[in-house]
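Below is one structure; the comments refer to it alone.
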Amino acid sequence: ARPSTPSGARKKSTSASFTCPEIPLMRFLATLAALLWALPAAAAGFSSLDRETARRLADPQAHRQPTVVALWSSDCVHCKKNLGLLAALTRADRRLKVVTVATEAESPALAPLLEKTGISGLRYAYGADNPEALAYALDPAWAGELPRTLLFDGKGGRRAVSGALTEAQVREALGVR
């Protein structure tokens, strides 16, 4: 039993090892809240796109193999067609890398759309940065039309295409046959 003072108040501890039990609990709750907040994006495999990542994705020197950066949105019919074509091309040629960028905030509806097309690879969704700044970082010449596809041949070459893709167009831009 803990001794108490006559007034019922606790004695102050003079021990150097005294810690407030609320602090570890507060840290735990803050960490738990952060994890739960990030869970939807992590569970769907999406990363939040920021300007620096967008610039890196758009840099031809960052791609050492044939790579496609596909910009899409959940309400774009032609985007889904392009994603289906890119999924088929990656199944046929494992050298091809596809990175998808949803031009909208991450939501639970995005992952099923990508899974339905069969596309795999890195997934990004617009993050907290200004959408226009992200678009400019991805492609300064881009006016926002979708689908927009950035094709990198892995040798420093880059081609940007707006609209529906053809297999021949993709293969030519990437230098794959």
Side-chain angles (χ1 to χ4, degrees), residues 38-177:
L39 187 60
F46 283 88
S47 296
S48 182
L49 187 69
D50 58 35
R51 279 181 258 194
E52 183 57 37
T53 304
R55 282 187 205 98
R56 199 170 43 251
L57 287 175
D59 179 7
Q61 301 307 315
H63 303 286
R64 301 286 181 230
Q65 69 189 78
T67 302
V68 176
V69 177
L71 310 176
W72 68 286
S73 77
S74 59
D75 60 354
C76 171
V77 174
H78 293 296
C79 296
K80 294 168 192 157
K81 290 178 184 176
N82 280 2
L83 293 171
L85 170 66
L86 295 171
L89 288 172
T90 58
R91 282 191 298 272
D93 188 341
R94 296 287 180 201
R95 296 175 298 158
L96 178 60
K97 177 180 167 188
V98 176
V99 178
T100 58
V101 177
T103 58
E104 58 196 86
E106 199 282 324
S107 75
L110 295 180
L113 291 172
L114 286 182
E115 289 159 10
K116 187 175 181 180
T117 65
I119 198 141
S120 61
L122 294 174
R123 298 175 176 186
Y124 291 93
Y126 272 23
D129 277 339
N130 176 307
E132 289 80 15
L134 291 171
Y136 187 82
L138 285 164
D139 186 352
W142 181 37
E145 69 281 1
L146 290 172
R148 181 73 165 183
T149 310
L150 307 176
L151 302 150
F152 302 93
D153 64 9
K155 300 171 190 166
R158 174 185 184 268
R159 185 180 304 172
V161 177
S162 291
L165 298 169
T166 66
E167 182 176 345
Q169 189 179 30
V170 173
R171 288 186 179 281
E172 179 188 339
L174 297 177
V176 296
R177 299 285 166 218

Rounded to the nearest 0.5 Å, what separation is found between the CG atom of D93 and the CG atom of L174?
9.0 Å
Note, R95 side chain near V176 side chain (heavy atom, < 4.5 Å):
yes
Nearest-0.5 Å distance, CD of residue Q169 to CG of residue L151
7.5 Å
Indicate the atoms forming the closest heavy-atom contact of Q61 with G156, along with that distance.
NE2-CA, 3.7 Å
Lys/Arg-Asp/Glu bridge criterion (N-O < 4.0 Å) met for R177, E172:
no
Residues that D139 engages under side-chain hydrogen bond (donor to acceptor under 3.5 Å, both in side chains), provided they are two or more places apart:
R148
Residue pairs meeting ring pair (Phe, Tyr, Trp, His ring centres under 6.0 Å), one or both in residues 152-177, sequence neighbours left out, come to H63-F152
Identify the heavy atoms of P131 and Y126 that sit nearest to each other, and give their distance.
O-CE2, 3.7 Å
Do L83 and L114 have side chains that get closer than 4.5 Å, going by heavy atoms?
yes
d(L86 CG, R91 CZ) to nearest 0.5 Å is 10.5 Å
Taking the side chain as every heavy atom from C-beta outward, state whether L134 and N130 have any pair of such atoms under 4.5 Å apart.
no
Show the nearest heavy-atom pair for residues T117 and K80, with the distance to one decimal.
CG2-O, 4.0 Å
Specify the closest pair of heavy atoms between T166 and L85, including all atoms of both residues, with the distance to one decimal.
C-CD2, 3.8 Å
Identify all side-chain donor-acceptor contacts of residues 66-75 below 3.5 Å with residues at least two apart in sequence or on another chain.
{"from": "T67", "atom 1": "OG1", "to": "Q65", "atom 2": "O", "distance (Å)": "2.8"}
{"from": "S73", "atom 1": "OG", "to": "D75", "atom 2": "OD1", "distance (Å)": "2.7"}
{"from": "S74", "atom 1": "OG", "to": "E104", "atom 2": "OE1", "distance (Å)": "3.3"}
{"from": "S74", "atom 1": "OG", "to": "E104", "atom 2": "OE2", "distance (Å)": "3.0"}

Minimum heavy-atom distance between A58 and A137, given as atom pair plus value:
CB-O, 3.8 Å
Rounded to the nearest 0.5 Å, how far does OG1 of T149 lie from CG of N82?
5.0 Å
Tell me, please, which residues at least two apart from T53 pass side chain to side chain contact (heavy atoms under 4.5 Å, CB included).
L49, D50, R56, L57, Y124
Min side-chain heavy-atom separation L138-R55 under 4.5 Å
no
Report the C-alpha distance between K97 and V99 in whole Å, list the side-chain angles of each, state the deciding distance to 0.1 Å, and finish with yes or no for side chain to side chain contact (heavy atoms under 4.5 Å, CB included).
CA-CA 7 Å; K97 177 180 167 188; V99 178; 4.1 Å; yes
Which heavy atom of G157 sits nearest to which heavy atom of P60, and what is that distance?
O-CB, 4.4 Å
Is there a donor-acceptor contact under 3.5 Å from the side chain of R123 to the main chain of S120?
no
Can you list the residues that meet the salt bridge (charged side-chain N to carboxylate O under 4.0 Å, His left out) rule with R51, with sequence neighbours excluded?
D129
Can you run down the disulfide (SG to SG under 2.5 Å) pairs that involve residues 78-142, sequence neighbours left out, and say none if there aren't any?
C76-C79
